[in-house]
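Below is one structure, written out as structure tokens; comments come after it.
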Amino acid sequence: MENKNHDLKQSQQIMDSITTDEIDGNSSITEEQKKILSAFYKKHLINYGIFAGIIIVLLAFLITFTLLSRNSWREGLKKQVEKVLSNSTEYTCGSWVKLNSLATSQCSVYELVKDGKTVPSAYGIILRVTTMYGPVPAVFTYEFDENKNNASVNFIDFVETSGPLNEKIKASALKNQIAYWKNKIPYLIECTQDNQAD
């Protein structure tokens, strides 16, 4: 410990004694002082390198686990959509659809399947709807004809709510949030389809 403090004091004294003229090349630093400074800088570079390496490894682990968990997250949402759809429609979920929108953190979209065949003009959407009871996942369907006319968005139900609470949430969200998402969903799907066509 004393050696460490002595080296630190020595390197600090050497650094204090260096003037701008000496830095520009007119140096009168002795070889011993150069060795002390070199050891000082080397030690600090090693410490900073180790710290940077630890940060990089932690970020790599974080990114890896995020990418690995993405598929299980999608499958869990797919099961929730299927559960809600099974109560009131003939649809089941097909494959996940990538949205070309910033709303991907708020929702997930799936192709809908009817009688074992993918319906190209229907999607199931699960998204987070803010209600006075907090954010609640809601399931919508989006259906349209081949000419993209007569598109309709239908609110199916909230996920994992039942009884009186479900009715209260529906009543509080029906006019505002559900109406907002009914208007927003066609735009999200159309952007996705336009980008897939390109």
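In what follows, residues are counted from 1 in the order of the sequence shown.
- Here the straight-line distance linking atom CZ of Phe61 with atom CD1 of Ile56 works out to 13.5 Å at 0.5 Å rounding.
- Atom-to-atom distance recorded for Ser152:OG and Lys182:NZ is 9.0 Å, nearest 0.5 angstrom.
- Between Pro137 and Phe158, the closest side-chain pair of non-hydrogen atoms is not below 4.5 Å.
- Atoms OG and CZ, from Ser69 and Arg74 in turn, are 10.0 Å apart once rounded to the nearest 0.5 Å.
- Closest heavy-atom contact between Ser108 and Leu77: CB-CD1, 3.7 Å.
- Side chains of Thr92 and Ser86 form no contact here, defined as non-hydrogen atoms less than 4.5 Å apart.
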Open item on the list: Show, in sequence, the C-alpha distance, side-chain angles and deciding distance for Asp157 and Asn87, and conclude whether the side chain to side chain contact (heavy atoms under 4.5 Å, CB included) test is met.
Closed with: CA-CA 9 Å; Asp157 205 351; Asn87 294 334; 5.7 Å; no
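- Every residue two or more places apart in sequence or in another chain was checked for a salt bridge (charged side-chain N to carboxylate O under 4.0 Å, His left out) with Glu82, and none qualifies.
- For the atom pair Leu45 CG and Phe40 CZ, the distance stands at 10.0 Å (nearest 0.5 Å).
- Nearest heavy atoms, Leu127 versus Cys107: CB-CB, 3.3 Å.
- Residues Ile156 and Thr141 form a side-chain contact, since some pair of their non-hydrogen atoms from C-beta on lies under 4.5 Å apart.
- In the hydrophobic clustering of ILVMFWY residues, with side-chain heavy atoms under 4.5 Å counting as a link, Tyr91 and Val84 come out together.
- With hydrophobic clusters built from ILVMFWY side chains whose heavy atoms lie under 4.5 angstrom apart, Leu85 shares a cluster with Trp96.
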Open item on the list: Run Glu111 and Ser95 through side chain to side chain donor-acceptor pair (under 3.5 Å) and show every step you take.
Closed with: CA-CA 6 Å; Glu111 292 178 335; Ser95 59; 2.9 Å; yes
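- Counting heavy atoms from C-beta on, the side chains of Val109 and Ile189 come closer than 4.5 Å.
- Leu99 is connected to Trp181 through a chain of hydrophobic side-chain contacts under 4.5 Å among Ile, Leu, Val, Met, Phe, Trp and Tyr, so both are in one cluster.
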TODO: Might you work through the side chain to side chain contact (heavy atoms under 4.5 Å, CB included) test for His44 and Tyr41, ending with a clear yes or no?
DONE: CA-CA 5 Å; His44 283 291; Tyr41 287 128; 5.7 Å; no
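- Atom CD1 of Ile54 is separated from atom CG of Leu59 by 12.0 Å, given to the nearest 0.5 angstrom.
- The hydrophobic cluster containing Phe65 also contains Val57, counting ILVMFWY residues as joined when their side-chain heavy atoms lie under 4.5 angstrom apart, directly or transitively.
- Side-chain contact between Gln80 and Ile126: present, with at least one pair of heavy atoms (C-beta onward) separated by less than 4.5 Å.
- For the atom pair CD (Glu75) and NZ (Lys79), the distance works out to 7.0 Å, reported to the nearest 0.5 Å.
- In this structure the side chain of Ile185 reaches within 4.5 angstrom of the side chain of Ile125, judged on heavy atoms.
- A pairwise comparison of heavy atoms in Glu143 and Ala122 identifies CG-CB, 4.0 Å as the closest pair.
- The side-chain heavy atoms of Val129 and Pro135, taken from C-beta on, include no pair separated by under 4.5 Å.
- Taking Phe140 as the reference, Phe155 meet the ring pair (Phe, Tyr, Trp, His ring centres under 6.0 Å) condition, with sequence neighbours excluded.
- Formation of a donor-acceptor pair under 3.5 Å by the Lys184 side chain with backbone atoms of Ala179 is not found in this model.
- Nearest heavy-atom pair, Cys93 versus Tyr110, reported as atom, atom and distance to 0.1 Å: SG-CB, 4.1 Å.
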